[in-house]
2 protein chains.
Amino acid sequence: MSAEETSRLSAPERREQILAAAAIVFGERGYAGGTTDAIARQAGVSQAYVVRMFGSKEKLFRASALRAADKVGHAFRDTIATFNGDEDAEQKTLALAAAYTSLVADRGILLTLLHLFALGHDDTLGPLARECFLDTYRIARDEAGLTPEEANAFFARGMLTTVMLAMRLPDDAANPYASELMSCTFGELTTDLITLSQGQVPIDTSGR
Amino acid sequence: MSAEETSRLSAPERREQILAAAAIVFGERGYAGGTTDAIARQAGVSQAYVVRMFGSKEKLFRASALRAADKVGHAFRDTIATFNGDEDAEQKTLALAAAYTSLVADRGILLTLLHLFALGHDDTLGPLARECFLDTYRIARDEAGLTPEEANAFFARGMLTTVMLAMRLPDDAANPYASELMSCTFGELTTDLITLSQGQVPIDTSGR
DNA sequence: TCTCGATGTAATCAACTGATTACTACATAT
DNA sequence: ATATGTAGTAATCAGTTGATTACATCGAGA
């Protein structure tokens, strides 16, 4: 992904590339901790270009968060579209959970959303956090047809999953408590998620 | 809390005061976003004093996170100490959940932990995050005697609770989806948590 | 009362970082 | 071929912030 010697790209292509880089950097370091320079480096462009394309770091973060929430929404809707109406709640929940965990492969988006949620006290980012979260909740309730209790249990599991991935618990797979918790949370996908999580290379950290 | 005209205090007293202020500031703004100056202002001391007492911002954050995890551990152990061995899993889980939500009153500690967990990719803070989390998990498994599945469900609910509070979802109590989700997650404590959450005044944000 | 250690601050520094500006290079259409 | 708009960068600036230093003030014990 980084250090690609791509020549000129169209603005929409660069935009997507920068947003992908932003998801990784913001996902690992959060809003305040993620620098536009680190994002630029990850995307293979100059820091000035990143700022100019999005106007400001905050606008870039907003775009990054909205893109992440959009990806979650699309993954859910794609799954819901496969329902034929005969599924019970457990089947639907399992299918949605599988869709959610598959998003781990899209590096950074789940972690960027977690950082966004954690910044709910911020005057300008807080409303965005609540909007993104409630939009997703709405999909589970109205489009997937889960009951409040089912949706609640589903989101609880989702949050635990996200936090465990943010903590890099798969790095502690040798720890019996960690491995027990992961098996219990991820089920059959545990080994897949562990290899997936450990295969993600660190972002460039050297000076400007 | 802030702008107190307290005269000289002993070092341990100041230390605790600064740690309480740090929990609030780090809880709202995260590690990178929380400045030593904001913490100093919240504690009513100078920025230089905050840094010197803890050596560095990172050491202060570590102390703040450890203190938060310690408070969670103590709350759990205090609850576990009331068990007489006749409780079933649901009773124990409910009692622990009540203990956890009561920690919301200790402003910032749950949110500081969430920010710590979200920084699990950090080279130096990541191990601390996993340690704090697994220590708490260990208490639920070995000291409270929950099964892996019970502990899993308990932590899932706990994470959802924490994220909802971080997002300030109680501010959206007028939103039917938000209120439904809160009722479902918090049960009878919903109204208490809403008033508690809304009573917490913003931290000082004016210039240095 | 007079030290002397501990509490505490003002002033300042150096590094970092988001943003801006002026510029270059490439592609496409006429 | 040349003009023009778009992609892209190097250089630089100004504000912020963690850290350091030198200094001030309080209180307890000899």
How long is the line joining CG of B:Asp37 and C1' of C:dC16, in whole Å? 17 Å
Interatomic distance, A:Leu9 CG vs C:dA25 C1' [rounded to whole Å]: 15 Å
Is there, by distance only and without an angle test, a donor paired with an acceptor across the side chain of A:Arg8 and the base of C:dA25 below 3.5 Å? yes
Here the distance between atom C1' of C:dG18 and atom CZ of A:Phe26, to the nearest Å, is 11 Å
B:Thr35 near the nucleic acid: base, sugar-phosphate alone, or nothing, with a heavy-atom cut-off under 4.0 Å? sugar-phosphate
Mind telling me whether B:Phe76 and B:Tyr100 have parallel, tilted or perpendicular rings, with 30° and 60° as the class edges? tilted
Near DNA chain C, under 4.0 Å by heavy atom, which residues of residues 49-61 of chain B? B:Tyr49, B:Arg52
Between A:Ser197 (side chain only) and A:Leu193 (backbone N and O only), is there a donor and an acceptor less than 3.5 Å apart? no
Does a nitrogen or oxygen in the side chain of B:Thr36 sit under 4.0 Å from OP1 or OP2 of D:dG18? yes
Once you measure the plane-to-plane angle for B:Tyr137 and A:Tyr177, does it fall in the parallel (<30°), tilted (30-60°) or perpendicular (>60°) bin? perpendicular
Strictly below 4.0 Å, N to O, side chains only: are B:Arg107 and B:Glu28 in salt-bridge contact? yes
Send over the distance from B:Gln17 CD to C:dG8 C1', rounded to a whole Å. 13 Å
With sugar-phosphate meaning primed atoms plus P, OP1 and OP2, does B:Gly33 contact a base, only sugar-phosphate, or nothing at under 4.0 Å between heavy atoms? nothing
Return the 5'-most residue of the pair B:Gln47, B:Ala11 with respect to DNA chain C, ranking by each residue's nearest nucleotide. B:Ala11
Parallel, tilted or perpendicular: ring planes of A:Tyr31 versus A:Phe26, cut at 30 and 60 degrees: tilted
side-chain contact (heavy atoms from CB on, under 4.5 Å) partners of A:Gln198, counting only residues at least two apart: A:Asp171, A:Ile194
Tell me the interatomic distance from A:Ile18, atom CD1, to D:dT9, atom C1', rounded to whole angstroms. 13 Å
